[in-house]
There are 2 protein chains.
Amino acid sequence: MTDSTNAAPASGSIRADVQLSPMQVPKASDVLADDLRERILRGDFPEGTALPPERELVAQTRMSRTTVREALRILEVQGLVQIRTGRSGGAFVKRPGEESIASTVSLLIRGRQVRLAALLETREAVEPACAQLAAKYRTDADLVALDRANDAIALEGPLADFLQANVDWHVAVAVASHNELLTGFMGALSRAIYAATDNQGFINAEVRKTTLQAHRNITEAIRKRDVAAAGRRMTKHVHEYASAVLEVEDRTAIDVPGD
Amino acid sequence: MTDSTNAAPASGSIRADVQLSPMQVPKASDVLADDLRERILRGDFPEGTALPPERELVAQTRMSRTTVREALRILEVQGLVQIRTGRSGGAFVKRPGEESIASTVSLLIRGRQVRLAALLETREAVEPACAQLAAKYRTDADLVALDRANDAIALEGPLADFLQANVDWHVAVAVASHNELLTGFMGALSRAIYAATDNQGFINAEVRKTTLQAHRNITEAIRKRDVAAAGRRMTKHVHEYASAVLEVEDRTAIDVPGD
DNA sequence: CTGTTAGTTTGGGTACGACCAAATGAGCGG
DNA sequence: CCGCTCATTTGGTCGTACCCAAACTAACAG
């Protein structure tokens, strides 16, 4: 560091002898974003209200419009505001929803190239609990959604339709749990598994039938609010599904060892 | 598509008679961000490599620097790049990690003001599975972390230290599961519960003792790779904890009905 | 020769200023 | 009263200039 032996103010001007620790200079846009985020999360602005226009914020904060815009962009990416153009546009306060978690989870799955095995394992970990909560808290509307998805699965259409209906049903279970955290998490997980299971080519009529039956059984347990049965059956279902997928994956890996 | 009845080029200039559907014009910065994000996720750039400097991207894309910067800011918020200043600075490719999920989950919890009951419920849903996976995949290093956290809990220091050590232990269990998704999720959840449980004033010596014992039992099951015991004991532990917290919360709610 | 210091270069951060595009509302004519 | 046009508001983009931070470089002093 700088020396510490100069305490003798010689003749002439005096030099202050301060000791400063290395200091961090946060970016102006971050400061603004942090402030606005804090206010939003604290509930200062009711959902749907518009923040002041950019030029107004410029006047208030005395920052440049560039900086203000960057701050707003940060909040937009974090799902805290929604920005609309045009007259009476602006940054409208929005509470983050499930899609917020879902997109982040998707990014991590793709970015880290999480293996299919890990995805299935995670689903085995979380979804039985979802089913239990669904059995506990389901509403009649939830049952309608579950039945609709099951009907779509029974339709024997093209593969993509089956997979989509499959995802819809799993998502419906998560929604029926009435737990936003789990819903967002499971939504991203189901979609990722769907994407990875596509082109896997192990879905045959047999698998479809088994899946449909399992879904119906679980749905019934949820309908009867039978928490234990819902958990038990879901555990079995996702485990069997995982086993089947992984078996095919291994076989495929052997078939095409170079890939 | 476009109509088919205009095949008569009259005299003079010809006016094309096209039918255009309302089209959405995506923002330039989003287009760039989407493109870069796709490349990053596809693995075009190894982690740690730097994207071209902003002015270089300006030259390549023929967009303004403002636009380029906004795109980079988006990627930064999404945790896909890390921006450093100074010479040899720039946007360095980064794979999103657990902290990415954790921050999003935290935002949702705060923004939606998720009730403590829901948080505890979610933990009851996820953490037993974490414990099971931890028992399955734990390494010796994981055990060290768990033991260290338990030792800190036994220390009988101030409340904040106890709560911190408590969080550390729960996070250590999640880490020991070696599942990035669950780790990020549980990390945010534990911290949120910690924050909500603070000032709750129900942590007494009795609770501390019980917690320590439960943690030790679970740690032992993880050490012995006893999957069933780990799951069972964790289920019991988090359930009891939740019950205790909620009971106190109810009592507090009755004591101070106005708040 | 060595160490320190003062440039120099390369990068991001901020500030204006101008103009474009979209959405809305006011005013005007039918 | 209806519909059209036009002005206004507000975000989106552009370009330029300048500042600050970090790392490298060369010159200078010892």
Side-chain angles (χ1 to χ4, degrees), chain A residues 1-6 15 20-36 40 45 48-94, chain B residues 20-37 40 45 48-94:
Chain A
M1 301 297 177
T2 58
D3 67 348
S4 57
T5 60
N6 62 339
R15 169 149 299 185
L20 292 180
S21 46
M23 38 205 305
Q24 47 190 356
V25 180
K27 287 186 293 187
S29 49
D30 283 333
V31 174
L32 215 199
D34 288 346
D35 187 81
L36 290 174
I40 291 174
F45 316 104
T49 59
L51 266 46
E54 293 178 357
R55 292 164 174 91
E56 172 72 19
L57 286 176
V58 168
Q60 292 184 11
T61 65
R62 286 150 187 212
M63 291 167 168
S64 78
R65 197 166 157 222
T66 313
T67 304
V68 169
R69 282 179 56 76
E70 266 193 46
L72 291 176
R73 181 55 48 97
I74 291 172
L75 297 181
E76 188 191 30
V77 175
Q78 292 180 329
L80 291 171
V81 302
Q82 187 201 341
I83 297 178
R84 285 203 297 264
T85 67
R87 190 173 183 174
S88 84
F92 293 83
V93 173
K94 192 183 85 177
Chain B
L20 293 180
S21 47
M23 37 205 306
Q24 47 192 356
V25 180
K27 286 186 292 187
S29 49
D30 283 334
V31 174
L32 213 198
D34 289 346
D35 187 82
L36 289 175
R37 178 175 31 244
I40 291 174
F45 316 103
T49 59
L51 265 48
E54 294 179 356
R55 293 164 173 93
E56 171 71 20
L57 287 176
V58 168
Q60 292 184 11
T61 63
R62 280 128 188 239
M63 291 168 169
S64 77
R65 190 156 164 231
T66 312
T67 305
V68 169
R69 281 178 57 77
E70 269 195 42
L72 291 177
R73 181 56 40 99
I74 291 172
L75 296 181
E76 189 190 30
V77 175
Q78 292 180 330
L80 291 171
V81 302
Q82 188 200 342
I83 296 178
R84 285 204 298 263
T85 66
R87 188 174 183 175
S88 83
F92 293 83
V93 174
K94 192 184 86 176

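Model, not experiment: these values are computed from the prediction. Every heavy atom of this structure was used, including side-chain atoms; hydrogens, water molecules and symmetry mates were not. Protein chains get the first letters and strands the later ones, always in sequence-line order, with residue 1 at the start of each.
Between B:R73 and B:E70 there is no salt bridge, since no side-chain N of the basic residue sits under 4.0 Å from a carboxylate O of the acidic one.
A donor-acceptor contact under 3.5 angstrom links the side-chain atoms of A:R87 to the base of C:dT24. Interface remark: the A:R65 side chain does not form any donor-acceptor pair with the C:dG17 base, using a distance-only criterion of under 3.5 Å.
Nearest-nucleotide assignment on DNA chain C puts the 5′-proximal partner with B:S88, out of A:T67 and B:S88.
Spacing between atom CD of A:E54 and atom C1' of C:dA15 amounts to 15 Å, rounded to whole angstrom units. Distance A:K27 NZ to D:dA21 C1': 13 Å, rounded to the nearest Å. Spacing between atom CD1 of B:I83 and atom P of D:dA21 amounts to 17 Å, rounded to whole angstrom units. Atom-to-atom, CZ of B:R55 to P of C:dG11 comes out at 9 Å; the value is rounded to the nearest Å.
Distances shorter than 4.0 Å separate none of the side-chain N or O atoms of A:T66 from OP1 or OP2 on C:dC16. At least one side-chain nitrogen or oxygen of B:S64 sits closer than 4.0 Å to the OP1 or OP2 atom of D:dC14. Look at A:R84 and you won't find any side-chain N or O under 4.0 angstrom from OP1 or OP2 of C:dA23. Contact annotation: B:T85 does not reach the phosphate of D:dA21 (side-chain N/O to OP1 or OP2, under 4.0 Å).
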